[in-house]
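Here the structure is laid out as structure tokens; the discussion comes afterwards.
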Amino acid sequence: MPHGPAEVGVGPWEGPLPEGEQYDAQLLAEGDRRNVVDRYRYWSMEAIVADLDTRRHDFHVAIENWQHDFNIGTIVRSANAFLAAEVHIVGNRRWNRRGAMVTDRYQHVRHHATAADLAAYLHAAGVALLGIDNLPGSLHLETMTVPRRVCFLFGQEGPGLSEGAREVCDGTFSIAQFGSTRSINASAAAAIAMHTWVREYADLGGEAGDSRGVWRG
């Protein structure tokens, strides 16, 4: 290929086999072509999830799913990258997984029939529910202090947060825009919100890509 290697990942393990329950025998024998960081090469999916669970962040992300929004998969992928505690799908149980690029296998995804159900679940766990929409009275994301234990809730692409969602949110905030468009893509807004939490609370003490896998630049 003219740009980069022809194949993603690594081939079969060479040399003496590594020891540890985290390793997958089939991956060691056939190679690991998954889109995972080097720390997790040859690890089983279950072992990766278990390791991620030891250091997940305190934020959640949720999106309403009444029209099978194509943004959901992309939001799940970003949630995996930023290591969200959970992703919540509100409304229809089925959602378009294409944009997730298989990251939903490593991310806890929970379904709620209504926004009220989501709010009840989060509040029982001591998690604030903040809606993201350009609504009158919304606080500015750029100037507010985001709670450490928080869930960011997004509405459908186009109509935004439903009336039911607005009623159960503990507050709403908006993302500053300076161009001619009325709104930005829901998945882009979700990534901005999640990264705002990361800038405030995430531990960036390790070196990018170090063996601990704390963070990766």
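Worth knowing before you read on, the calculation uses all heavy atoms, side chains too, and leaves out hydrogens, waters and symmetry mates.
No donor-acceptor pair closer than 3.5 Å links the side chain of Q22 to the backbone N or O of I48. The backbone N or O of A176 lies less than 3.5 Å from a partner atom in the side chain of E142, making a donor-acceptor pair. For W197 (side chain) and R148 (main-chain N/O), a donor-acceptor pair under 3.5 Å exists by modelled atom type. With hydrogens and angles disregarded, a donor-acceptor distance shorter than 3.5 Å links the side chain of Y201 to the backbone of V146. Of the possible donor and acceptor atoms, one in the side chain of H123 sits under 3.5 Å from a partner among the backbone N and O of A119. N65 contributes a side-chain N or O that, together with a main-chain N or O of R94, makes up a donor-acceptor pair within less than 3.5 Å. Of the possible donor and acceptor atoms, one in the side chain of R41 sits under 3.5 Å from a partner among the backbone N and O of V36. Of the possible polar contacts, none joining the R105 side chain to the M45 backbone as a donor-acceptor pair under 3.5 Å is found. Side chain of D170 to backbone of L129: a donor-acceptor contact under 3.5 angstrom is found. Distance alone, capped at 3.5 Å, places no donor-acceptor pair between the H108 side chain and the V87 backbone.
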Take R77 and N35 through the side-chain contact (heavy atoms from CB on, under 4.5 Å) test and state the conclusion after the steps.
CA-CA 11 Å; R77 183 179 182 182; N35 181 23; 4.2 Å; yes
Mind running side-chain contact (heavy atoms from CB on, under 4.5 Å) on H140 and T143 for me, showing each step along the way?
CA-CA 6 Å; H140 295 293; T143 57; 3.4 Å; yes
For a side-chain contact (heavy atoms from CB on, under 4.5 Å) check, start with the C-alpha distance between L153 and I63, then their side-chain angles and the critical distance, and finish with the verdict.
CA-CA 6 Å; L153 173 60; I63 184 168; 5.8 Å; no
Any chance you could lay out the side-chain contact (heavy atoms from CB on, under 4.5 Å) test for Q107 and R56, step after step, and finish with the verdict?
CA-CA 10 Å; Q107 184 64 51; R56 290 191 188 276; 3.6 Å; yes
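Taking every heavy atom of both residues into account, A165 and A115 meet most closely at CA-CB, 3.7 Å. In this structure, A113 and W66 approach most closely via the heavy-atom pair O-CH2, 3.6 Å. For the residue pair R98 and N96, the shortest heavy atom distance occurs at N-OD1, 3.0 Å. Between D24 and L27, the shortest heavy-atom contact is OD1-N, 2.9 Å. In this structure, Q177 and I184 approach most closely via the heavy-atom pair OE1-N, 3.6 Å. In this structure, L130 and P147 approach most closely via the heavy-atom pair CD1-CD, 3.8 Å.
No side-chain N or O of N92 forms a donor-acceptor pair with one of H111 less than 3.5 Å apart. Y40 and R34 share no donor-acceptor pair across their side chains, judged by distance under 3.5 Å alone. In this model, a donor atom of one side chain and an acceptor atom of the other lie less than 3.5 Å apart for N71 and S187. Between the side chains of S138 and T172, a donor-acceptor pair is found at a separation under 3.5 Å. Using modelled atom types, one finds a donor on one side chain and an acceptor on the other under 3.5 Å when comparing T114 with D117.
Separating the CG atom in N80 from the OH atom in Y106 is a distance of 8.5 Å, to the nearest 0.5 Å. To the nearest 0.5 angstrom, R93 atom CZ is 10.0 Å from H112 atom NE2. Atom-to-atom distance recorded for R199:CZ and L204:CG is 9.5 Å, nearest 0.5 angstrom. Atom CD1 in I132 sits 11.0 Å away from atom CD1 in I192 (nearest 0.5 Å). Here the CE atom belonging to M194 is positioned 6.5 Å from the CD1 atom belonging to I75, to the nearest 0.5 angstrom.
Under the 4.5 Å side-chain heavy-atom criterion for ILVMFWY residues, no single connected hydrophobic cluster contains both M101 and V76. Hydrophobic cluster membership differs between V102 and L52, with clusters built from Ile, Leu, Val, Met, Phe, Trp and Tyr side chains linked at under 4.5 angstrom.
Side-chain contact between V61 and H88 is absent, with no heavy-atom pair separated by less than 4.5 Å. The side-chain heavy atoms of L135 and R166, taken from C-beta on, include a pair separated by under 4.5 Å. Taking the side chain as every heavy atom from C-beta outward, H195 and F82 approach each other to under 4.5 Å. The side-chain heavy atoms of H60 and L122, taken from C-beta on, include a pair separated by under 4.5 Å. The side-chain heavy atoms of R149 and F59, taken from C-beta on, include no pair separated by under 4.5 Å.
A salt bridge between R39 and D51 is present, with a side-chain N of the basic residue lying under 4.0 Å from a carboxylate O of the acidic one.
Taking the six-membered ring for Trp and thresholds of 30 and 60 degrees, F152 and F173 have ring planes more than 60 degrees apart, a perpendicular arrangement. Below 30°, between 30° and 60°, or above 60°: for W13 and Y42 the angle between ring planes is above 60°, a perpendicular geometry.
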